[in-house]
Novice: 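Quick one: this structure, given as structure tokens, is what I'll be asking you about.
What you see is a predicted model, and the numbers here were worked out from it, not measured in a lab.
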Amino acid sequence: MVFKWPSEWKDSDAMSYFISDFASSSVRPSRKLNFWSGLICAVCQYRKTPFVTVPELKRCLAWRGVPPLCLEGVLEDMQNKRTVVCHEKLTESWSQWGFGLLVSPVTSLWRKIVPDTSERKFVILSVLEGCRSRVIESVQHGDDLLLTYQEWADQVLNHLHPNSLDSFNKYLCFTRDIEMYGDPVSVVKIRRADENTVSQMTQVDVAIGKAKFTRDSLCCQIKQLNNKVNELLAAARKASNRNEALSHLRRKKLYERSLSKWEGALNNTESLLLQLQESQHNRTVLSTLKVGAEALKQNQVSLAEVDNIMDQLEEYKSYEEDLHGAMTSPDTVGEGDVTLSEELAALLAENSEPPAKKLTPDPDGDMRHDQTLSSEEIAELQIIEQEFSKVPDPPQEFDQIEHPVEREAPPKEVLARLSPELRRKPGRKLVGTLME
């Protein structure tokens, strides 16, 4: 991947201004400071190293062979903004920081007299923190947080330049992200993702680390012996005479015996490593169960408390039912309303008339009052009676005739005014009904 320079890098007029020194130490244009500070961070990010010196920066940032003359001023401004710190101040303790604060006026005056920025190493904090987060996250994604130094170095070198490995390890030990054991370092323990700092290394951790280191050493030794055996076997095949071939085969036999011993040692070491890891896992599970038991004990609920809560719920339920019944029941009738209702019933009884009865035929063909007539039918009957009252009475001798008298049918205009029920009756019965 090729580094992408800013657009001003191809502009001669702009770069002539940027590589020039500051006109005054008290007046530093922000445009020039921002240009070089951003470019320094980008170059260090591209080179995968947060640790740089002034000669290295001058060599990397030279434009057409000319280094920036304002580089010391830019680094001083970045230190004031806490984007860059000196390497020796990166891991200083509080006491060292306080002592440095007291002697800072003297040291700053001395540096003005004898500048030594060319020999000092600076740390770009943004690049350092980026490398730190990437390395820790890549290791935490794995299942094993206890690594040999070689395994740890392989992980770090995927994100960092080899020249910065030692300084990077010191910084992570200072921030308690890792803990190293041994001189030289053989075991590295990395903090868990849910922890702010790494836990203290135990004897089991040291034993596991040593077992891993021994296993890796035995694997390397076995690999070399296998290569030697293959070389001797190839040499025996290419030998020009019998004695030379037998000599290669004897040496191959010796290496094979040594190889079998190393393989047996490797098997024992791997068995020990598995036992140690299993004991560590059992301890982790036991501690987790212990914490869970304590949590359950603290959150335990008593039966009396449960009964009390259930009683409160029952009381609230009965209260809700009573409230709902009171809101939905009809209004009760008062004593005054009862009196008014009785008075209204008496008035209705006085104004009502006894209903008339309808005429129904009896077995002899006559009509009798055993059905109630409506007011309209009563009015029709009264009209018909008035019409018949105008008809003259029959003569005296007419009544002496023995055979039944044929009565006249009512006039057509009378029949027209009859109701359909009376109109459907036979003429004789209808006349008899009207006469009655």
Side-chain angles (χ1 to χ4, degrees), residues 1-92 100 104-135 156-168 170-171:
M1 182 178 178
V2 180
F3 180 74
K4 185 178 181 180
W5 294 93
S7 58
E8 294 86 353
W9 199 259
K10 298 180 180 180
D11 191 348
S12 301
D13 296 336
M15 290 306 302
S16 299
Y17 164 74
F18 285 130
I19 64 173
S20 62
D21 198 0
F22 295 109
S24 174
S25 59
S26 59
V27 180
R28 295 174 178 175
S30 58
R31 181 187 177 192
K32 184 181 293 187
L33 292 174
N34 295 335
F35 175 80
W36 286 114
S37 60
L39 190 57
I40 288 172
C41 294
V43 169
C44 292
Q45 183 71 36
Y46 175 76
R47 297 178 66 225
K48 295 183 179 181
T49 175
F51 308 97
V52 292
T53 60
V54 173
E56 290 176 351
L57 288 176
K58 286 184 177 181
R59 185 172 59 255
C60 295
L61 302 177
W63 180 75
R64 297 180 181 179
V66 180
L69 303 178
C70 58
L71 187 58
E72 286 81 1
V74 172
L75 290 175
E76 184 178 353
D77 182 75
M78 294 178 71
Q79 290 182 76
N80 295 333
K81 295 179 179 178
R82 297 295 299 173
T83 57
V84 171
V85 296
C86 295
H87 184 268
E88 59 269 15
K89 293 184 178 181
L90 183 64
T91 57
E92 67 179 1
S104 59
V106 179
T107 55
S108 60
L109 179 61
W110 176 257
R111 286 171 184 170
K112 289 181 180 179
I113 299 173
V114 183
D116 59 345
T117 54
S118 58
E119 301 298 331
R120 298 167 63 192
K121 181 181 288 187
F122 295 92
V123 182
I124 313 300
L125 294 180
S126 61
V127 181
L128 179 63
E129 289 298 325
C131 293
R132 172 194 173 192
S133 61
R134 288 193 298 271
V135 170
V156 174
L157 293 180
N158 292 330
H159 308 276
L160 199 68
H161 194 273
N163 295 336
S164 303
L165 180 60
D166 293 338
S167 299
F168 185 72
K170 291 180 181 179
Y171 176 70

Novice: Looking only at heavy atoms, which two atoms of L157 and P162 are closest? And how far apart?
Specialist: CD2-CA, 3.6 Å

Novice: Over all heavy atoms of both residues, which pair between A62 and W9 is shortest? Give the atoms and the distance, please.
Specialist: O-CZ2, 3.6 Å

Novice: Do T49 and C131 touch side chain to side chain, with heavy atoms closer than 4.5 Å?
Specialist: no

Novice: Tell me, please, which residues at least two apart from D21 pass side-chain contact (heavy atoms from CB on, under 4.5 Å).
Specialist: L69, C70

Novice: Give me the atom names and distance for the closest heavy-atom approach of P50 to L160.
Specialist: CD-CD1, 3.6 Å

Novice: Between the side chains of D77 and K81, is the shortest nitrogen-to-carboxylate-oxygen separation below 4.0 Å, so that they form an ion pair?
Specialist: yes

Novice: Mind checking whether L57 and V43 have side chains closer than 4.5 Å, heavy atoms only?
Specialist: no

Novice: Which residues pass the side chain to side chain donor-acceptor pair (under 3.5 Å) test with T83, not counting sequence neighbours?
Specialist: none

Novice: Which residues pass the salt bridge (charged side-chain N to carboxylate O under 4.0 Å, His left out) test with K58, sequence neighbours left out?
Specialist: E72

Novice: To the closest 0.5 Å, what do you measure between CE (M78) and CG (L71)?
Specialist: 9.5 Å

Novice: What closest approach, in Å, do I124 and C41 show between heavy atoms, and which atom pair accounts for it?
Specialist: CG2-SG, 3.8 Å

Novice: Can you run down the salt bridge (Lys or Arg N to Asp or Glu O under 4.0 Å) pairs that involve residues 1-19, sequence neighbours left out, and say none if there aren't any?
Specialist: none

Novice: Taking side-chain contact (heavy atoms from CB on, under 4.5 Å) as the definition, give me every residue that meets it alongside V85, ordered by chain and number, with sequence neighbours left out.
Specialist: R82, L90, V123, L125

Novice: Taking side-chain hydrogen bond (donor to acceptor under 3.5 Å, both in side chains) as the cut-off, I'd like each qualifying pair that reaches into residues 31-46, sequence neighbours left out, listed once.
Specialist: S20-K32

Novice: Distance check, rounded to the nearest 0.5 Å: S164 atom OG versus R47 atom CZ?
Specialist: 8.0 Å

Novice: Just to verify, what does F35 make a ring pair (Phe, Tyr, Trp, His ring centres under 6.0 Å) with, not counting sequence neighbours?
Specialist: F18

Novice: Please round to the nearest 0.5 Å and tell me the distance separating atom CG of L75 and atom CG of L33.
Specialist: 11.0 Å

Novice: Applying salt bridge (Lys or Arg N to Asp or Glu O under 4.0 Å), which residue pairs with at least one partner in residues 123-134 are found, sequence neighbours left out?
Specialist: E129-R132, R132-D177

Novice: Between atom CG of L128 and atom CZ of F51, what is the distance when rounded to the nearest 0.5 Å?
Specialist: 5.0 Å

Novice: Can you name the residues that form a side chain to side chain donor-acceptor pair (under 3.5 Å) with R64, not counting sequence neighbours?
Specialist: S12

Novice: For the pair F3 and W5, name the ring-plane relationship: parallel under 30°, tilted 30 to 60°, perpendicular over 60°.
Specialist: perpendicular

Novice: Please list, chain by chain and in numerical order, all residues satisfying ring pair (Phe, Tyr, Trp, His ring centres under 6.0 Å) with F22, sequence neighbours excluded.
Specialist: none

